[in-house]
Structures are given as structure tokens and as C-alpha cells.
A.B. asks: 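Quick one: this structure, given as C-alpha cells, is what I'll be asking you about.
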Amino acid sequence: MYNEEELARPYARALAQSAAALQLSERVRGDIEALEAQWEGSPELREWCQCYHSWPKEQHTAWVQALWGETFSHPVRVALASMSEQNLLGAIPHLIRVFRRFMDVVEGRMTVHFVFAQQPSPETVALLRQKAIKAYGAETEIKLSVEPALGAGLVVRAGHTQIDGSLAGRLHRLKQTFAKK
């Protein structure tokens, strides 16, 4: 079993770096938005991308060019062709999500997401907001949500970092530790 987000990460990183280096960040972001709309709007595209295709490299590139060549920028087509060669087009949603995080970092933006097990007090929110802005800068966007399934505690996601201080996370890690023995 493999983690599709981990597999999509190098493609997303390369795409973000290429977009920034070629000064195409806005265009590539637009392409990613269009790709997301296509993915969400077309069950046929999702089904086809999730199938295994044992074609030669040239055929993967030709397929990507035929489908997206007139609409997407070169860096996006290269990333999709590379993913197609590895039969990873099923990981497109992960590519989209991870690309956005990389672009936020490249462009100096940060979103810090605090996930609470229960509704936090206004004082707690104010303190965490202050700490996040101090750590990441004034351009930091703060998102708050509540997931009772966490049991207790808090999960913090900032860029590529996740800190899981929830009861559910602790129990999961404990279960993994005993499963390895």
C-alpha cells in the first residue's frame, strides 16, 4: 500500500518551483483550478485516470497533450505526463492540494489550520493566532475547525507540517507501536 499524497509531492514541488522560476505562478494556479474543476465534474476522467495504462512513455505524453495541450501551460502538462508515465494520475487531487501548499510557501503565504476536539475559548483562539502570526508572519491565514472525533486535544497543520496533539492521534500512534512488536 502506498500513500498517494507522498507520491504526488515531488510532482507538486517541481510544478511549484517551475511556475515560480518561469514567472508563471498565476497561469499555473489557474490551470490547477481548471484541473480541479475537470476532476470534480467528470466521473469519466476520474475513472480513466485511476486505471492502469501500460503504454510506452511517448503515448502517455501524447495522451496528456491531446487532452490538455491546448489549455494547460507547459509545466502543468509536463507534470501530468510524468505522473501518467508512473500511472499516478489517480493522485491528481493530492497533486492539487500539495501544489497549493508549495505555492503558498514559495509566495510567502502560510495557512495555519487549528483543528480542535471541542469548541475553543476566545482566549485560546487569540493566543494561538498570536503565536502563529509570530511564527509565520503577518500574512498568515488562520483557519479553525472542530472535529469531535479527535476526542480531546488539538491538531495543527502549517504548510507541510502537522502536529497531532489529539487523543485520537495518540491512540493511533500507540496502536502502531504495539502492532510493530
Side-chain angles (χ1 to χ4, degrees), residues 1-115 132 135-137 139-145 147 155-164 169 172 176:
M1 190 75 181
Y2 56 87
N3 180 329
E4 286 186 334
E5 184 166 325
E6 289 299 318
L7 295 172
R9 179 168 285 136
Y11 299 97
R13 178 183 296 120
L15 184 55
Q17 290 171 341
S18 295
L22 297 170
Q23 298 180 342
L24 292 173
S25 297
E26 189 173 318
R27 169 72 195 275
V28 171
R29 274 190 186 271
D31 291 349
I32 291 298
E33 297 296 323
L35 179 61
E36 182 176 43
Q38 289 174 2
W39 183 265
E40 290 175 358
S42 175
E44 297 83 9
L45 176 65
R46 289 192 305 271
E47 182 180 335
W48 196 90
C49 287
Q50 292 169 340
C51 290
Y52 179 81
H53 303 285
S54 59
W55 302 332
K57 176 181 177 178
E58 299 77 26
Q59 195 165 354
H60 286 278
T61 302
W63 181 84
V64 167
Q65 181 64 28
L67 185 60
W68 291 302
E70 297 298 316
T71 55
F72 288 171
S73 61
H74 180 71
V76 174
R77 291 192 321 266
V78 167
L80 291 171
S82 296
M83 289 178 70
S84 179
E85 290 168 24
Q86 300 300 316
N87 282 294
L88 292 175
L89 288 178
I92 283 175
H94 301 287
L95 171 77
I96 292 167
R97 184 174 42 259
V98 176
F99 167 79
R100 287 179 176 143
R101 289 194 319 241
F102 276 117
M103 284 307 297
D104 285 347
V105 170
V106 166
E107 295 174 345
R109 286 188 305 275
M110 178 62 74
T111 299
V112 179
H113 191 172
F114 294 103
V115 184
Y136 297 109
E139 295 297 316
T140 302
E141 178 184 355
I142 308 298
K143 292 187 177 182
L144 306 171
S145 63
E147 289 184 21
V155 175
V156 180
R157 296 184 191 108
H160 306 294
T161 303
Q162 176 172 305
I163 302 167
D164 188 344
H172 177 74
Q176 286 182 322

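Small disclaimer: the values here were computed from a predicted structure and weren't measured.
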A.B. asks: From N87 CG over to S54 OG, what is the distance, rounded to the nearest 0.5 angstrom?
C.D. replies: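 These two atoms lie 8.0 Å from each other.
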
A.B. asks: Contact between E85 and T61 at the side-chain level, heavy atoms closer than 4.5 Å - yes or no?
C.D. replies: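 With C-beta onward as the side chain, the pair touches.
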
A.B. asks: Checking I32 against L15 for the side-chain contact (heavy atoms from CB on, under 4.5 Å) test, could you report, in this order, the C-alpha distance in whole Å, the side-chain angles of both residues, the deciding distance, and whether it holds?
C.D. replies: CA-CA 10 Å; I32 291 298; L15 184 55; 3.9 Å; yes

A.B. asks: Is the backbone N or O of Q38 less than 3.5 Å from a side-chain atom of S42, with the two atoms forming a donor-acceptor pair by type?
C.D. replies: no

A.B. asks: With the side chain counted from C-beta on, respond yes when L22 and V28 share a heavy-atom pair under 4.5 Å apart, and no when they do not.
C.D. replies: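 Side chain of L22 against side chain of V28, heavy atoms only: no contact under 4.5 Å found.
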
A.B. asks: Between CZ of R157 and OG of S145, what distance do you get to the nearest 0.5 Å?
C.D. replies: 7.0 Å

A.B. asks: W68: what forms a ring pair (Phe, Tyr, Trp, His ring centres under 6.0 Å) with it, not counting sequence neighbours?
C.D. replies: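 W68 satisfies ring pair (Phe, Tyr, Trp, His ring centres under 6.0 Å) with W63, F72 once adjacent residues are dropped.
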
A.B. asks: Please say whether more than 12 non-hydrogen atoms of neighbouring residues, nucleotides or ligands are located less than 6.0 Å from NE2 in H53.
C.D. replies: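 Check passes, neighbour count above 12.
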
A.B. asks: I'd like to check the salt bridge (charged side-chain N to carboxylate O under 4.0 Å, His left out) partners of R27; sequence neighbours left out, ordered by chain and number.
C.D. replies: D31

A.B. asks: Quick one: side-chain contact (heavy atoms from CB on, under 4.5 Å) partners of A8, sequence neighbours excluded?
C.D. replies: A91, H94, L95

A.B. asks: What is the distance from atom NE2 of H60 to atom CG of L89, rounded to the nearest 0.5 Å?
C.D. replies: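 If we round to the nearest 0.5 Å, H60:NE2 and L89:CG are 8.5 Å apart.
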
A.B. asks: Taking only residues two or more places apart in sequence or in another chain, which ones pass side-chain contact (heavy atoms from CB on, under 4.5 Å) with R29?
C.D. replies: F99, M103, D104, E107, R109

A.B. asks: Can you tell me if R46 uses its side chain to pair, donor with acceptor, with the backbone of W39 under 3.5 Å?
C.D. replies: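 Yes; judged by distance alone, with no hydrogens or angles, the pair exists.
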
A.B. asks: Looking only at heavy atoms, what is the nearest atom pair of C49 and I92, with distance?
C.D. replies: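 For C49 versus I92, the nearest heavy atoms are SG-CD1, 4.2 Å.
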
A.B. asks: About how many Å separate CG of L67 and CG of L80, when rounded to the nearest 0.5 Å?
C.D. replies: 8.5 Å

A.B. asks: Of all residues at least two apart in sequence or in a different chain, which pass the side-chain contact (heavy atoms from CB on, under 4.5 Å) check with E36?
C.D. replies: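 With neighbours one apart ignored, the set is E33, E40, I96, R100.
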
A.B. asks: Could you pull out the closest heavy-atom pair between A132 and V112, with the gap in Å?
C.D. replies: CB-CG2, 4.1 Å

A.B. asks: Output the distance between atom NZ (K57) and atom OG (S82), rounded to the nearest 0.5 Å.
C.D. replies: 7.5 Å

A.B. asks: Does the side chain of L88 reach to within under 4.5 Å of the side chain of E4, using non-hydrogen atoms?
C.D. replies: no

A.B. asks: Kindly write out the residues that satisfy ring pair (Phe, Tyr, Trp, His ring centres under 6.0 Å) with H113, not counting sequence neighbours, or none if the list is empty.
C.D. replies: none

